[in-house]
Engineer: 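Dropping the structure in here first, questions after.
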Amino acid sequence: PFRRPEEGRFRLAAKVREATLAYAPQWPRIERIRGDLVFEGAGFEIRAQSGVVEGVKLTDVHARLPDYEDSLLTIDGRGAGPAQQMLAFVNASPLASTASTFTRDLQVDGDARLAMKLTLPLKDLQATRVAGTVDFPGNDVALDRTLPTFGGVAGRLEFTEHGIALPELRATLLGGPIRLTGRPAGEGRMKIEASGAIDAAGMRSLVDNPLTRRLDGRTEYRASVDVDRRASTLRIESDLVGLSSTLPAPFAKAGTDRWP
């Protein structure tokens, strides 16, 4: 009621327990909030020690609307818990139409850490800005049902209103080390670049037949995955140095030979 200090001061403070903040349509609600709610002047503020969104336990949640007329709401918080639930938050939000085509098929075992900040112009939610991260301490990740599982994934997934990025992830794939980076490649698309090494035993774990049983050694490779509307295209390149073959000519190969 009072916008100027000389007119007076309005302040209402309360402790809240098991509260719910439905801050914008189509965005997952923050539930089971425990903290402090303050209405002061022409705005309000929530500082919560805990809350839950899509099954993820949040800590240090801060929601602030400085002025009802400006209608600019900011929310930030951190969380820890099952990594799959953190992806569920992305998939249940309006990000699903842009950022999360990639995450819909993503399967992640184990726990992770979440940090996020939302800036929501309540009069124009199309202009919402999002900045968030999910930190993986060593999870098993399946990017797609058609691809082998990545083991011990360590690194960070970043998401904004424009898409998802993987600055650098390190993992193992088919028994060998691999390093991945990823970036948005248009609406609903994700481009992943990888480099790693694989030995003959790793190849046989994927395809075990009379041909792969004639291979020995280890080689480095480069790969790219183009995830487009839940369909993946995989491309692998290698000079096969370090890998030997006892197959008949012309497929016999010494480990020092460079192909193609």
Engineer: Looking only at non-hydrogen atoms, find the nearest pair between Gln84 and Leu106 and report the distance.
Structural biologist: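 Between these two residues, the closest heavy atoms are NE2-O, 3.0 Å.
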Engineer: Between Leu114 and Leu58, which heavy-atom pair has the shortest distance, and what is it?
Structural biologist: CD2-CD2, 4.4 Å
Engineer: Taking only residues at least two apart or on different chains, which pairs with a member in residues 205-219 satisfy salt bridge (Lys or Arg N to Asp or Glu O under 4.0 Å)?
Structural biologist: Asp208-Arg213
Engineer: Check whether more than 12 heavy atoms from other residues, nucleotides or ligands sit under 6.0 Å from atom OH of Tyr68, and answer yes or no.
Structural biologist: yes
Engineer: Please give me the minimum heavy-atom distance between Ser244 and Gly255, naming the atom from each residue.
Structural biologist: CB-N, 3.7 Å
Engineer: Test of understanding: clusters of I, L, V, M, F, W, Y form through side-chain heavy atoms closer than 4.5 Å, transitively. Do Ile75 and Phe44 belong to the same one?
Structural biologist: yes
Engineer: Would you give the length of the straight line joining atom CG of Leu87 to atom CD of Gln107, rounded to the nearest 0.5 angstrom?
Structural biologist: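 Atom-to-atom, Leu87:CG and Gln107:CD are 8.5 Å apart.
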Engineer: Main chain of Leu122, side chain of Tyr23: is a donor-acceptor contact present, judged purely on distance under 3.5 Å?
Structural biologist: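 No, Tyr23 side chain to Leu122 backbone: no donor-acceptor pair under 3.5 Å.
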Engineer: Taking C-beta and beyond as the side chain, do Phe159 and Val134 meet within less than 4.5 Å on heavy atoms?
Structural biologist: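 Side chain of Phe159 against side chain of Val134, heavy atoms only: contact under 4.5 Å found.
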Engineer: Hey, is CZ on Arg204 packed in by over 12 heavy atoms from elsewhere, all under 6.0 Å?
Structural biologist: yes
Engineer: Test side-chain contact (heavy atoms from CB on, under 4.5 Å) on Leu12 and Val38 and set out the steps.
Structural biologist: CA-CA 6 Å; Leu12 174 64; Val38 177; over 6 Å; no
Engineer: Judged by atom type as modelled, is there a donor-acceptor pair below 3.5 Å linking the side chain of Arg113 to the main-chain atoms of Ala80?
Structural biologist: no
Engineer: Under 3.5 Å, side chain of Asp140 to main-chain N/O of Gly152, donor-acceptor pair present?
Structural biologist: yes
Engineer: Leu125 versus Pro25: any side-chain heavy-atom pair under 4.5 Å?
Structural biologist: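 Yes, their side chains come closer than 4.5 Å.
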Engineer: Test of understanding: clusters of I, L, V, M, F, W, Y form through side-chain heavy atoms closer than 4.5 Å, transitively. Do Ile178 and Leu240 belong to the same one?
Structural biologist: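 Yes, Ile178 and Leu240 fall within the same hydrophobic cluster.
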Engineer: Is there a path of hydrophobic side-chain contacts, each under 4.5 Å between heavy atoms of I/L/V/M/F/W/Y residues, joining Leu73 to Leu37?
Structural biologist: yes
Engineer: Do NZ/NE/NH1/NH2 and the carboxylate oxygens of Arg9 and Glu40 come within less than 4.0 Å?
Structural biologist: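 Yes, this pair counts.
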Engineer: Does CZ in Arg235 sit with more than 12 non-hydrogen atoms of other residues, nucleotides or ligands closer than 6.0 Å?
Structural biologist: no
Engineer: Kindly say whether Gln49 contributes a backbone atom to a donor-acceptor pair with the side chain of Thr59 at under 3.5 angstrom?
Structural biologist: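 Flag not set: sc Thr59 to bb Gln49 has no pair under 3.5 Å.
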Engineer: Atom CZ in Phe251, atom CH2 in Trp259: separation rounded to 0.5 Å?
Structural biologist: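 It is 7.0 Å, given to the nearest 0.5 Å.
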Engineer: Distance from Ile192 atom CD1 to Thr181 atom OG1, nearest 0.5 Å?
Structural biologist: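 Interatomic distance, Ile192 CD1 to Thr181 OG1, rounded to 0.5 Å: 9.0 Å.
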Engineer: For Asn139 versus Ala83, what's the shortest heavy-atom pair and its separation?
Structural biologist: ND2-CB, 4.2 Å
Engineer: Quick one: pull up CG in Leu174 and OG in Ser205 and give me the separation to the nearest 0.5 Å.
Structural biologist: 4.5 Å
Engineer: Between Lys191 and Ser224, is there a side-chain heavy-atom distance shorter than 4.5 Å?
Structural biologist: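 Yes, their side chains come closer than 4.5 Å.
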Engineer: Tell me, do Val61 and Ile33 make a side-chain contact under 4.5 Å, heavy atoms counted?
Structural biologist: no
Engineer: Taking atom CD as the centre, does Gln126 end up with more than 12 heavy-atom neighbours from other residues, nucleotides or ligands that are less than 6.0 angstrom away?
Structural biologist: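 Incorrect, the count does not exceed 12.
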Engineer: Sequence neighbours left out, what passes side chain to side chain contact (heavy atoms under 4.5 Å, CB included) with Lys123? Give chain and number order.
Structural biologist: Ser71
Engineer: May I ask you to decide if Leu243's main-chain N or O and Lys253's side chain share a donor-acceptor pair within less than 3.5 Å?
Structural biologist: yes
Engineer: Could you give the distance from CG (Leu157) to CD1 (Ile164), rounded to the nearest 0.5 Å?
Structural biologist: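 Reported to 0.5 Å precision, the distance equals 5.0 Å.
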Engineer: Verify, without hydrogens or angle tests, whether Asn209 (side chain) and Leu211 (backbone) share a donor-acceptor contact under 3.5 angstrom.
Structural biologist: yes
Engineer: Would Arg129 and Glu161 pass as an ion pair if we require N to O under 4.0 Å?
Structural biologist: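 No, this pair does not count.
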Engineer: Which atoms form the tightest heavy-atom contact between Tyr221 and Ala197, and what is the distance?
Structural biologist: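 Closest heavy-atom pair between Tyr221 and Ala197: CE2-N, 3.4 Å.
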Engineer: Compare every heavy atom of Pro148 with every heavy atom of Leu173, then report the nearest pair and how far apart it is.
Structural biologist: CD1-CB, 3.7 Å
Engineer: OG/Ser50 to CD1/Ile30 distance, rounded to the nearest 0.5 angstrom?
Structural biologist: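 Here the interatomic distance stands at 11.5 Å.
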Engineer: Look at the side chain of Asp135 and the backbone N and O of Arg156, then say whether any donor-acceptor pair between them is shorter than 3.5 Å.
Structural biologist: no
Engineer: Has Ser238 got a side-chain atom pairing as donor or acceptor with Glu220's backbone, closer than 3.5 angstrom?
Structural biologist: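 Side chain of Ser238 to backbone of Glu220, a donor-acceptor pair under 3.5 Å: yes, one is there.
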Engineer: Hey, are Arg47 and Asp36 close enough for a salt bridge, meaning a charged N less than 4.0 Å from a carboxylate O?
Structural biologist: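 Salt bridge between Arg47 and Asp36, a charged N being under 4.0 Å from a carboxylate O: no.
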Engineer: Could you see if Leu166 belongs to whatever hydrophobic cluster contains Leu234? Use Ile, Leu, Val, Met, Phe, Trp, Tyr and a side-chain cutoff under 4.5 Å.
Structural biologist: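 Same cluster.
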Engineer: Can you tell if the side chain of Phe150 reaches within under 4.5 Å of the side chain of Thr172, non-hydrogen atoms only?
Structural biologist: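 Result no, sub-4.5 Å side-chain heavy-atom pair not found.
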Engineer: Are the side chains of Pro66 and Arg64 in contact, using a 4.5 Å heavy-atom criterion?
Structural biologist: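 A side-chain contact under 4.5 Å exists here.
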Engineer: So Thr119 and Leu72, side-chain contact (heavy atoms from CB on, under 4.5 Å) or not? Walk me through it.
Structural biologist: CA-CA 7 Å; Thr119 304; Leu72 185 63; 3.7 Å; yes
Engineer: I want to check something: taking the side chain as every heavy atom from C-beta on, are Pro137 and Asp111 in contact at a cut-off of under 4.5 Å?
Structural biologist: no
Engineer: Would you find a donor on one side and an acceptor on the other, under 3.5 Å apart, between the side chain of Gln85 and the backbone of Glu54?
Structural biologist: yes
Engineer: Could you walk me through whether Glu45 and His62 satisfy the side-chain contact (heavy atoms from CB on, under 4.5 Å) test, starting with their C-alpha distance in whole Å, then the side-chain angles of each, then the deciding distance to 0.1 Å, before giving a yes or no?
Structural biologist: CA-CA 7 Å; Glu45 183 176 26; His62 183 208; 2.6 Å; yes
Engineer: If only atom types and distance count, is the side chain of Asp67 paired as donor or acceptor with the main-chain N or O of Glu69 below 3.5 Å?
Structural biologist: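 Pair found, side chain donor or acceptor close to backbone of Glu69.
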Engineer: Could you tell me if the side chain of Phe89 sits less than 4.5 Å from the side chain of Val56, heavy atoms only?
Structural biologist: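 A side-chain contact under 4.5 Å is absent here.
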